[in-house]
K.L.:
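Quick one: the structure is below, and I'll ask about it shortly.
Worth saying up front: this structure is predicted, and the values here are computed from it rather than measured.
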Amino acid sequence: MKFKKILSGITILALTVVTVGCSKTENNDKEKVEKTVSYPKEINVTYVKAPLNVPSILQKQDDLFGKEFRKENIKVNFHEITAGPDQTQALAAGEIDILHALGGTSAIIAASNGVDLEIINTYSRSPKGFMIVTNDDSIKSAKDLVGKKVAGPKGTILHQVLIAALNKDGKSIDDVEYLNMGIPEATAALSDDSVDAALVAGPAALKALNSGSKMVTSGEGLVDGVIVTAVSKTFADKYPEVVERFKNVEKETLDYMDKNNEEAIKKVSKEVGLTVEETKEMYSWYDFNIDITDKDIKSLEDTQDFLIKNKMQDKEIDIQKLIYKNK
C-alpha cells in the first residue's frame, strides 16, 4: 500500500513536470511568434555620389541593397538628395529612412534641432578631399581671403574648413564676404570670376586644380571630414534587423573594394567623369572604414564645439546618445 502511494506520487510529479514543460514550450513558442521579424514594404535611401562616395556608387550600380532584401520583396529606392539640410529635412518628414553619406556637421545640427536620427556608422573620413581653391595668385593663405568673396555650401564640412582656416590665421568668417551656394554653383562662379575663392570637394576640386586653380588649403589639420550614415530612430526601432543587414551590405561592399580595387575604380571613374588615374588619386584621400572609433566620437564632439562657438548651433547634445545601438 505504501509502495502504491509512492508510485502515485511519482506519477503526479512526472505529470506536473510534463505540464510545466509543455507550459514553458508554449511560452517559448509564444515568444518566438512575438519576436517575428517585421519588414517594411520599401526602404528609402539617399544616393550621394560626390565627392567620391565609392561605396554608394557600387551599391547603386550593382543593386546590392536590392539583392539583399529581394527575398522579402522589399523595394529599395534611391533618392539623389545631396545637401545635408535637405537630407535631414526629408528624414524628419518621413520621406527618407536612411541617410547614406551625411556630413557630420549636418547630423549634429539636425539632431540639436530635434530631428530624431541616429548614426549607424561612419561612412568616410577625407580631410584632404575638402578644399578652398582660387584663381587669384595674390591669395596664398586664409588670411588673404579677408575682404574677398568666398562661395560654398553653408553648414557643411567645407564651411567648417573655411572658418577653421580663418581662425587659424587669427581671422573670422565676418572678415570675408561669404556666399552660400552649392559646389557646382561655387565652381561656376569661380570660373567666371564672380567670386575670389570657392569651397569645393572631390571631383570638382580635382577638376579645378587641373584647370589651373590653386589650393589655398585643404581640410588636413583642420577637420577630420567625418561623413556618417544615419537612420530615422522610428525606422531603426521598428526594423532593427533591416538596419543590421544594411550594415552587412556596407561591410561586404568594402570587402569587394579591397579585393577588386582595379575593377571598382574603373566602375566609379565612369560614374564621376574622371579618368582611372584621377579616380585613383582621389581614392587615396579617403578612409571608408565604417567602424565608429573613439577618434570619430571626439571629432564629432569637436565639431559640435565648433558649431556652437560659431553660432551655427544653439542647443548642445550628447554625441554618444546619437550612436545607434542594436536593440
Side-chain angles (χ1 to χ4, degrees), residues 48-52 80-90 101-110 112-113 126-223 225-227 303-304 306-314:
V48 186
K49 67 181 180 182
L52 189 74
E80 291 197 42
I81 307 174
T82 57
D86 293 341
Q87 290 186 52
T88 54
Q89 187 177 0
L102 173 71
T105 51
S106 296
I108 293 168
I109 290 171
S112 73
N113 288 332
S126 55
K128 288 183 180 180
F130 298 93
M131 301 179 193
I132 304 173
V133 298
T134 184
N135 293 332
D136 187 340
D137 290 334
S138 70
I139 300 175
K140 302 184 186 304
S141 66
K143 65 183 177 183
D144 297 322
L145 294 171
V146 172
K148 304 289 187 181
K149 292 181 180 179
V150 183
K154 187 177 181 179
T156 63
I157 291 172
L158 279 168
H159 192 191
Q160 186 179 357
V161 169
L162 172 63
I163 296 175
L166 288 166
N167 289 349
K168 187 178 178 182
D169 282 354
K171 307 298 178 182
S172 78
I173 191 69
D174 295 329
D175 292 318
V176 304
E177 187 178 342
Y178 180 67
L179 303 172
N180 179 23
M181 59 180 75
I183 292 176
E185 292 78 13
T187 304
L190 181 66
S191 296
D192 64 21
D193 296 324
S194 298
V195 298
D196 301 293
L199 310 181
V200 294
L206 197 58
K207 286 178 180 178
L209 296 177
N210 289 342
S211 298
S213 297
K214 67 173 187 175
M215 182 176 70
V216 179
T217 186
S218 74
E220 191 171 19
L222 298 173
V223 300
V226 176
I227 306 293
T303 295
Q304 173 168 243
F306 169 86
L307 292 169
I308 292 173
K309 180 182 176 183
N310 288 280
K311 298 182 172 61
M312 295 163 66
Q313 178 184 341
D314 297 322

K.L.:
Can you confirm whether Asn210 is buried at CG, in the sense that more than 12 heavy atoms of other residues, nucleotides or ligands lie under 6.0 Å from that atom?
P.N.:
yes
K.L.:
Between Val226 and Thr303, does the side chain to side chain contact (heavy atoms under 4.5 Å, CB included) criterion hold? Intermediate values first, please.
P.N.:
CA-CA 10 Å; Val226 176; Thr303 295; over 6 Å; no
K.L.:
Quick one, Met131 and Leu209 - any side-chain contact, counting heavy atoms below 4.5 Å?
P.N.:
yes
K.L.:
CD of Glu185: more than 12 outside heavy atoms within 6.0 angstrom?
P.N.:
yes
K.L.:
Could you measure the distance from the CD1 atom of Ile132 to the OG atom of Ser213? Nearest 0.5 Å is fine.
P.N.:
13.5 Å
K.L.:
Quick check for you: to the nearest 0.5 Å, what is the distance between Ser172 atom OG and Ile163 atom CD1?
P.N.:
9.0 Å
K.L.:
I need the minimum non-hydrogen distance between Pro51 and Gly202, along with the two atoms involved.
P.N.:
CB-CA, 3.2 Å
K.L.:
State, with a plain yes or no, whether a side-chain heavy atom of Val216 is found less than 4.5 Å away from one of Asp144.
P.N.:
no
K.L.:
Donor-acceptor check, side chain of Gln87 to backbone of Thr82, threshold 3.5 angstrom: yes or no?
P.N.:
yes
K.L.:
How close do Ala204 and Thr187 get, heavy atom to heavy atom, and via which atoms?
P.N.:
CB-OG1, 4.2 Å
K.L.:
Indicate the atoms forming the closest heavy-atom contact of Gly84 with Ser106, along with that distance.
P.N.:
CA-OG, 3.4 Å
K.L.:
Are the side chains of Ile109 and Leu307 in touch, meaning some heavy atoms are under 4.5 Å apart?
P.N.:
yes
K.L.:
Could you give me the CA-CA distance, side-chain angles and deciding distance for Leu166 and Asp175, then say whether side chain to side chain contact (heavy atoms under 4.5 Å, CB included) is met?
P.N.:
CA-CA 9 Å; Leu166 288 166; Asp175 292 318; 5.5 Å; no
K.L.:
Rounded to the nearest 0.5 Å, how far apart are CG of Asn167 and NZ of Lys171?
P.N.:
11.5 Å
K.L.:
Any luck finding a side-chain donor-acceptor pair between Asp136 and Thr134 under 3.5 Å?
P.N.:
no
K.L.:
Could you report the tightest heavy-atom contact between Asp169 and Lys143, atom names first, then the distance?
P.N.:
OD2-N, 3.1 Å
K.L.:
So, does Lys154 use its side chain to make a donor-acceptor pair with the main chain of His159 at under 3.5 Å?
P.N.:
no
K.L.:
So does Leu190 get a backbone contact from the side chain of Asn135, meaning a donor-acceptor N/O pair under 3.5 Å?
P.N.:
yes
K.L.:
If you define the side chain from C-beta out and look only at heavy atoms, does anything of Leu199 sit under 4.5 Å from Val150?
P.N.:
yes
K.L.:
Spell out, as yes or no, whether a donor-acceptor pair under 3.5 Å connects the side chain of Asn113 to the backbone of Ala110.
P.N.:
no
K.L.:
Kindly say whether Asp137 contributes a backbone atom to a donor-acceptor pair with the side chain of Lys140 at under 3.5 angstrom?
P.N.:
yes
K.L.:
Rounded to the nearest 0.5 Å, what separation is found between the OG1 atom of Thr88 and the CD1 atom of Ile81?
P.N.:
10.0 Å
K.L.:
What are the two closest non-hydrogen atoms of Ile157 and Gly103, and how far apart are they?
P.N.:
CD1-CA, 4.5 Å
K.L.:
Which distance, rounded to the nearest 0.5 Å, do you find between the NZ of Lys311 and the CD of Gln313?
P.N.:
13.5 Å
K.L.:
Measuring only between side-chain heavy atoms, which start at C-beta, is Val176 closer than 4.5 Å to Lys148?
P.N.:
no
K.L.:
May I have the step-by-step check of side chain to side chain contact (heavy atoms under 4.5 Å, CB included) for Tyr178 and Leu162, ending in yes or no?
P.N.:
CA-CA 10 Å; Tyr178 180 67; Leu162 172 63; 3.7 Å; yes
K.L.:
Using atom types as modelled and distance alone, determine if a side-chain donor or acceptor of Asn310 lies under 3.5 Å from a backbone N or O of Met312.
P.N.:
no
K.L.:
Answer yes or no: is there a donor N or O on one side and an acceptor on the other, between the side chain of Lys214 and the main chain of Ile139, under 3.5 Å?
P.N.:
yes
K.L.:
How close do Ala189 and Met181 get, counting heavy atoms only, and between which atoms?
P.N.:
CB-SD, 4.2 Å
